[in-house]
Amino acid sequence: MSWYLYIAKAQKTGNYYVGITTEPERRIQDHNKGNGSRMAKNQGPFVLVYTSEPLADQSTARKLEIKLKNSKRTKKEKLIQKEITYNQI
């Protein structure tokens, strides 16, 4: 099973939500139904703006998620715009 790092943008606030999942499109649907994190419930609906290439396992995906969550907004935007890759986080 492949894991993905994803970034979703809140339509109300413009904030980015970073997460991992095996099914990015389904996960966004879940967020938009109010299932998932507190941020998703409070700031949704979301639009999927970035999905990584398939990652080896959940552990690899989680480590990247933590790095990206601790990164500045500008780094997230560079990743979305494909100015950098997830390996450069």
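Throughout, residue positions are numbered sequentially from 1 according to the sequence presented. Owing to the predicted nature of the structure, the values given are computational and were not obtained by experimental measurement.
- Remark: side-chain polar atoms of Lys76 are paired, donor with acceptor, to backbone N or O of Ser71 under 3.5 angstrom.
- Shown here for Ile7 and Leu48, the closest heavy-atom pair between the two residues is O-CD1, 3.7 Å.
- Evaluation of the side chain to side chain donor-acceptor pair (under 3.5 Å) test over residues 1-11, restricted to residues two or more places apart or in two chains, returns Tyr6-His31.
- Of the possible polar contacts, one joining the Asn32 side chain to the Phe46 backbone as a donor-acceptor pair under 3.5 Å is found.
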Distance-only criterion, 3.5 Å: show the donor-acceptor pairs between side-chain atoms of residues 17-29 and protein atoms not counting sequence neighbours.
from	atom 1	to	atom 2	distance (Å)
Thr21	OG1	Glu23	N	3.2
Arg26	NH1	Asp30	OD2	2.6

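- Taking the side chain as every heavy atom from C-beta outward, Lys67 and Lys63 never approach each other to under 4.5 Å.
- At a threshold of 4.5 Å between non-hydrogen side-chain atoms, the residues Tyr50 and Tyr16 do not count as touching.
- Remark: Leu5 CG to Thr51 OG1 distance equals 8.5 Å, nearest 0.5 Å.
- Side chain of Gln88 to backbone of Thr85: a donor-acceptor contact under 3.5 angstrom is found.
- Qualifying salt bridge (Lys or Arg N to Asp or Glu O under 4.0 Å) partners for Lys69, counting only residues two or more places apart in sequence or in other chains: Glu65.
- The hydrophobic cluster containing Ile80 also contains Ile89, counting ILVMFWY residues as joined when their side-chain heavy atoms lie under 4.5 angstrom apart, directly or transitively.
- The side-chain heavy atoms of Leu64 and Leu68, taken from C-beta on, include no pair separated by under 4.5 Å.
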